A.B. asks: 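This is the structure I have questions about; it appears just below.
Keep in mind that this is a model prediction, so the values were computed, not measured.
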There are 2 protein chains.
Amino acid sequence: MARSGVPSRPRASTSARHNTRQALIEAAVEVLKSRGFNGASARAIATEAGVNQALVFYHFGTVAALLLAALDEVSARRLRRYTTELAEVTDPASLIALATKVFREDIDSGDIAVLAEMIAGSSSAPELGAEVAKRIAPWKDFASLAIESGFSTSGLVSLLPIGAVSHAAVALYLGLEMLSHLDGDRTGATLLFEQLARLAPVLDVICVPAKTTDKEGTQ
Amino acid sequence: MARSGVPSRPRASTSARHNTRQALIEAAVEVLKSRGFNGASARAIATEAGVNQALVFYHFGTVAALLLAALDEVSARRLRRYTTELAEVTDPASLIALATKVFREDIDSGDIAVLAEMIAGSSSAPELGAEVAKRIAPWKDFASLAIESGFSTSGLVSLLPIGAVSHAAVALYLGLEMLSHLDGDRTGATLLFEQLARLAPVLDVICVPAKTTDKEGTQ
DNA sequence: GTCTATACTTGGATAGAC
DNA sequence: GTCTATCCAAGTATAGAC
């Protein structure tokens with residue numbers, strides 16, 4: 001924590017592009033995707049980035065710190081993307097459509113795999129656990145927000161146990177990614193989202209009464 | 001696969017108890033739980049078992065093979081337990097009660113963590129992927145069976161997309177375990193199961209019509 | 001079957017030249 | 001800031017004595 005041996009972080013102000021630090025982060029993301037937590041060694045990451053292995057320690061002090069920076073990177077990237085799309089969500093059908101779309105993207109890009117690998121990897125490095133947990137929290141918050149948006153036109157929103165549902169949503173998302181990754185294909189998850197899509201009209205109907213009895217719509 | 005250098009597996013017939021082979025499997029399970037896939041080295045496992053490191057290679061040829069044997073062990077143990085309990089399941093409420101109970105057991109025992117670690121670890125050892133996938137299949141089969149049992153009194157059972165639902169169930173189970181393990185507590189999952197329990201009576205009501213119109217009940 | 005000893009490899013991390 | 005060189009710890013795996 002108070003690791004004074006680590007040099008002051010290089011400033012992003014000067015030039016900012018083709019930064020070695022940033023290249024290492026991107027490389028760490030790639031290696032986590034392709035070789036998992038286990039394969040994410042300083043040497044493997046540095047090779048991927050095309051730089052010297054010693055630079056990992058110069059810029060991040062430890063491999064674990066670089067891995068956390070990589071998790072921050074994909075986490076921020078994904079949440080930015082999700083939040084943009086969330087503006088379009090007003091009912092259950094559009095919520096499910098969004099979930100389906102972003103899940104496809106996440107599986108294909110491998111971004112969720114980074115999350116899953118870091119969570120699983122936390123077992124072998126206890127000090128990682130707390131840090132990874134911190135970075136999962138925003139995903140839960142986003143899930144809560146998305147669910148609230150999807151059911152905002154329904155009186156149900158106050159009855160829904162948002163906390164439990166969003167916890168389940170994050171867990172399901174993680175589990176689906178792991179199974180997809182294992183099988184090498186995402187047909188299992190795709191079928192599930194198709195079934196959810198069929199369910200959407202039913203949920204929309206539940207929302208209609210709230211709409212018809214709410215003539216002003218200030219909230 | 002055709003690894004002829006591996007000695008013929010020691011017979012279980014002679015004495016069968018306090019077998020080193022079995023001790024290594026149990027130790028591998030323990031280390032996978034406590035230190036994850038990453039920490040599951042031949043040395044760590046042998047130390048846990050109180051035997052020499054070289055015996056890992058004598059009995060299993062490679063560390064990966066031992067890890068797969070460990071996965072077989074918990075997989076068989078858990079499915080045996082689940083299947084026994086499944087006899088009690090006849091409606092949605094009892095299905096949810098069973099799921100709640102076994103999930104608590106699985107989290108506390110760490111058995112699901114073994115599964116999760118092996119899946120995540122497959123990324124760093126491609127040849128593991130297919131072998132792990134083989135061992136997940138029975139879990140999906142069990143989930144299908146459990147869901148069919150839970151909804152057997154309902155006409156809904158033929159409408160339910162069993163494949164998609166059981167895939168989701170396994171994924172959710174896995175994801176919940178990972179999040180629980182990360183947080184160090186299972187309150188998130190516990191709250192979810194409480195909500196599911198509240199939902200059970202509703203699902204039971206859906207089943208009633210099927211019961212009342214079915215006066216014979218041969219199936 | 002089990003142990004000791006050892007060969008070889010990979011990985012984390014640091015020192016010091018440039 | 002980056003590179004070379006190096007140290008040391010840990011890991012896989014094998015040979016050979018018992």
Side-chain angles (χ1 to χ4, degrees), chain A residues 3-25 27-28 31-32 34-70 121 124-128, chain B residues 3-25 27-28 31-32 34-70 121 124-128:
Chain A
R3 187 93 166 74
S4 60
V6 177
S8 59
R9 182 185 305 164
R11 306 298 306 281
S13 51
T14 29
S15 94
R17 59 202 158 286
H18 119 273
N19 215 328
T20 293
R21 186 185 161 88
Q22 192 58 30
L24 280 170
I25 291 175
V31 175
L32 276 170
S34 57
R35 298 212 242 162
F37 183 87
N38 231 273
S41 68
R43 288 171 147 89
I45 294 169
T47 301
E48 172 78 27
V51 302
N52 192 276
Q53 172 255 152
L55 291 178
V56 167
F57 304 97
Y58 174 76
H59 285 287
F60 298 92
T62 66
V63 176
L66 169 53
L67 261 25
L68 285 173
S124 40
E127 77 280 9
L128 269 182
Chain B
R3 185 92 167 73
S4 60
V6 177
S8 59
R9 182 187 305 166
R11 306 298 306 281
S13 51
T14 30
S15 93
R17 60 203 159 285
H18 118 270
N19 216 325
T20 293
R21 186 186 162 87
Q22 192 58 30
L24 280 170
I25 291 175
V31 175
L32 275 170
S34 57
R35 299 212 242 161
F37 183 87
N38 234 274
S41 68
R43 291 199 214 274
I45 295 169
T47 301
E48 172 78 27
V51 301
N52 191 276
Q53 170 257 152
L55 291 178
V56 167
F57 303 98
Y58 173 77
H59 285 287
F60 298 92
T62 65
V63 176
L66 168 53
L67 262 23
L68 285 173
S124 40
E127 78 279 11
L128 269 182

A.B. asks: Rounded to whole angstroms, how far apart are CD on B/E127 and C1' on D/dT12?
C.D. replies: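 So the CD-C1' distance, B/E127 to D/dT12, works out to 13 Å.
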
A.B. asks: Expressed as a whole number of angstroms, how long is the span from B/F60:CZ to D/dG11:C1'?
C.D. replies: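 Value for this atom pair: 18 Å.
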
A.B. asks: Expected output is a numbered-order residue list: members of residues 40-55 of chain B with a heavy atom under 4.0 Å from any atom of DNA chain C. What is it?
C.D. replies: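 Contacting residues: B/N52, B/A54, B/L55.
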
A.B. asks: Which heavy atom of B/L55 sits nearest to which heavy atom of B/L24, and what is that distance?
C.D. replies: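 Reported closest heavy-atom pair: O-CD1, 3.8 Å.
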
A.B. asks: Tell me: OH of B/Y58 to C1' of C/dC3, nearest whole Å?
C.D. replies: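 Nearest whole value for this atom pair: 13 Å.
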
A.B. asks: Please report, rounded to the nearest Å, how far the C1' atom of D/dA13 is from the NE2 atom of B/H59.
C.D. replies: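 So the two atoms are 16 Å apart, to the nearest Å.
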
A.B. asks: In whole Å, I'd like the distance from the CG atom of B/L66 to the P atom of D/dT12.
C.D. replies: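 In whole Å, D/dT12 P and B/L66 CG are 10 Å from each other.
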
A.B. asks: Provide the closest heavy-atom pair for B/A28 versus B/A70 in the form atom of the first, atom of the second, distance.
C.D. replies: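 Closest pair (atom of B/A28, atom of B/A70, distance): CB-CB, 3.8 Å.
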
A.B. asks: In whole angstroms, how far is the C1' atom of C/dG11 from the CG atom of B/N38?
C.D. replies: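 Between C1' of C/dG11 and CG of B/N38: 12 Å.
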
A.B. asks: Side-chain N or O of B/T62 less than 4.0 angstrom from OP1 or OP2 on D/dT12?
C.D. replies: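 For D/dT12, OP1/OP2 do not have a side-chain N/O of B/T62 under 4.0 Å.
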
A.B. asks: Is there side-chain contact between A/I25 and A/Q22, with at least one heavy-atom pair below 4.5 Å?
C.D. replies: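 SC-SC contact between A/I25 and A/Q22 confirmed.
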
A.B. asks: Round to the nearest Å and state the distance from B/F57 atom CZ to D/dT14 atom P.
C.D. replies: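 Between P of D/dT14 and CZ of B/F57: 8 Å.
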
A.B. asks: Could you state the CZ-P distance from B/R21 to C/dT2, rounded to the nearest angstrom?
C.D. replies: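 Those two atoms, CZ and P, are 12 Å apart.
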
A.B. asks: May I ask you to say what B/V63 touches in the nucleic acid, namely base, sugar-phosphate or nothing, with a heavy-atom cut-off under 4.0 Å?
C.D. replies: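 Contact class for B/V63: sugar-phosphate only.
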
A.B. asks: Output side-chain donor-acceptor pairs under 3.5 Å for residues 40-51 of chain A, partner residues at least two apart or in another chain, one line each.
C.D. replies:
unit_1	atom_1	unit_2	atom_2	d
A/S41	OG	A/A44	N	3.1
A/T47	OG1	A/R43	O	2.8

A.B. asks: Taking all heavy atoms of B/S124 and all of A/N38, pick out the closest pair and write down the distance.
C.D. replies: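 That closest heavy-atom pairing would be OG-CB, 3.0 Å.
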
A.B. asks: Could you tell me if the side chain of B/L67 sits less than 4.5 Å from the side chain of B/F37, heavy atoms only?
C.D. replies: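 In short, these two side chains touch, coming nearer than 4.5 Å.
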
